[in-house]
Participant: 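Provided herewith is a single structure, encoded as C-alpha cells, for subsequent inquiry.
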Amino acid sequence: MNDTMVTLVGNAATAVEHRLTTAGVPVARFRLATRVRRYDRTRECWTDGETSFYTVRSWRGLADNVAASVAVGEPLVVQGRLRVREGEQPPERGGQRWFSAEVDAIAIGHDLARGTAAFRRVTRPRTEPLPPQSGPPPSETSDGAPPGAGPAAGVPDPVQERSG
C-alpha cells in the first residue's frame, strides 16, 4: 500500500488536545489552517485564497512534544500521511455526506520563515535494554585507570597540590 505523504504549511487553528489511549499511548490532535496566497497582477498586491483545515494527529513522543510546544495561531510546518475520510450524517441531522482531511504526522515544527524558536532536547527514560558495548570492560578504561578516573588519571590535581 502506498501512503500519500504531504507537507503542510499553516497556522494552528485550535488548541492541542493531548490524551492517552486506552492502551496508554499518548496522542495529540489539533486543527491546522492553510491558506493560499497569490499575487494579483491587476491589483498589484497579494490576495488570500480560501482557507483549508486539516486535522493533525501525532503519537507517542511527538504527541508529548506537540502538547508542550504548540499554541493557537503559531505558524507550523507539518509532514505526514494524508488520510481522507468520508461519511454521512444521520437523517435527523440532514443526511449530508461529509469529507475530512486528516494527517498522521511524522514531523511537526515551527515555521522559522515567520519567527524564531528555541529548541530544547527532551530526555526520556529508556524502555528497552541498551545494546552491548564494544571496547574495554567497565572495570577499567582503555588506559588501565579505574572507572571515573578519566583521561587525566595519574596526573596530579593542581587543587590538591596547593592545599597540601
Participant: Measure across Val72 and Ala15 and return the closest heavy-atom pair with its distance rounded to 0.1 Å.
Facilitator: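 Heavy atoms only, the tightest pair is CG2-N, 3.3 Å.
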Participant: Using a side-chain heavy atom cutoff under 4.5 Å and only I, L, V, M, F, W and Y, what cluster partners does Leu112 have?
Facilitator: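 Reading the cluster by chain and number, Leu112 sits alone, since nothing else belongs.
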Participant: Give, for atom CG of Asn65 and atom CZ of Arg121, the distance between the pair rounded to the nearest 0.5 Å.
Facilitator: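 If I round to the nearest 0.5 Å, the distance is 11.0 Å.
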Participant: To the nearest 0.5 Å, how far apart are OG1 in Thr51 and CG in Asn11?
Facilitator: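 Thr51 atom OG1 to Asn11 atom CG measures 9.5 Å (nearest 0.5 Å).
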Participant: Show every ring-ring contact (aromatic ring centres under 6.0 Å, His included) that has at least one partner inside residues 92-112, sequence neighbours left out.
Facilitator: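 Qualifying pairs, neighbours excluded: none.
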Participant: Could you work out, with side-chain hydrogen bond (donor to acceptor under 3.5 Å, both in side chains) as the rule, every residue matching Ser69, not counting sequence neighbours?
Facilitator: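 Counting only residues at least two positions away or on another chain, Ser69 forms no side-chain hydrogen bond (donor to acceptor under 3.5 Å, both in side chains).
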Participant: May I ask you to check whether over 12 heavy atoms, not counting those of Arg120, lie within 6.0 Å of atom CZ?
Facilitator: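 No, the 6.0 Å shell around CZ holds no more than 12 heavy atoms from other groups.
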Participant: Taking salt bridge (Lys or Arg N to Asp or Glu O under 4.0 Å) as the cut-off, I'd like each qualifying pair that reaches into residues 15-30, sequence neighbours left out, listed once.
Facilitator: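 Output for this query lists Glu17-Arg29.
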Participant: Which residue pairs pass the salt bridge (Lys or Arg N to Asp or Glu O under 4.0 Å) test with at least one member in residues 96-112, sequence neighbours excluded?
Facilitator: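 Every pair satisfying salt bridge (Lys or Arg N to Asp or Glu O under 4.0 Å) with a residue in residues 96-112: Arg57-Glu102, Arg83-Asp104, Arg85-Glu102, Glu86-Arg97, Glu88-Arg97, Asp111-Arg114.
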Participant: Taking only residues two or more places apart in sequence or in another chain, which ones pass salt bridge (charged side-chain N to carboxylate O under 4.0 Å, His left out) with Arg81?
Facilitator: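 Here the qualifying residues are Asp3.
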Participant: Give every residue pair that meets the ring-ring contact (aromatic ring centres under 6.0 Å, His included) criterion with at least one member in residues 34-54, sequence neighbours excluded.
Facilitator: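 Listed once each, the pairs are Tyr39-Trp46.
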Participant: Test of understanding: with side-chain hydrogen bond (donor to acceptor under 3.5 Å, both in side chains), list the residues that count as partners of Thr123, not counting sequence neighbours.
Facilitator: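 Partners of Thr123 under the side-chain hydrogen bond (donor to acceptor under 3.5 Å, both in side chains) test: none.
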Participant: Any side-chain to backbone donor/acceptor pair from Thr14 onto Arg31? Under 3.5 Å, distance only.
Facilitator: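 Yes, the answer is positive, given that a donor and an acceptor are paired below the 3.5 Å cut-off.
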Participant: Taking the hydrophobic residues Ile, Leu, Val, Met, Phe, Trp and Tyr, and joining any pair whose side-chain heavy atoms are under 4.5 Å apart, which ones share a cluster with Ile106?
Facilitator: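 Members other than Ile106 - counting any ILVMFWY side chain reachable under 4.5 Å - are Met5.
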Participant: In the hydrophobic clustering (ILVMFWY, side-chain contacts below 4.5 Å, transitive), which residues join Leu20, or is it alone?
Facilitator: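 Via sub-4.5 Å side-chain contacts, Leu20 links to none.
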Participant: Applying side chain to side chain contact (heavy atoms under 4.5 Å, CB included), can you list everything that pairs with Pro90, at least two apart in sequence or on another chain?
Facilitator: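 Listed in chain order: Glu92, Arg93.
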Participant: Salt bridge (charged side-chain N to carboxylate O under 4.0 Å, His left out) with Arg35: which residues, sequence neighbours excluded?
Facilitator: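 Arg35 satisfies salt bridge (charged side-chain N to carboxylate O under 4.0 Å, His left out) with Asp48 only.
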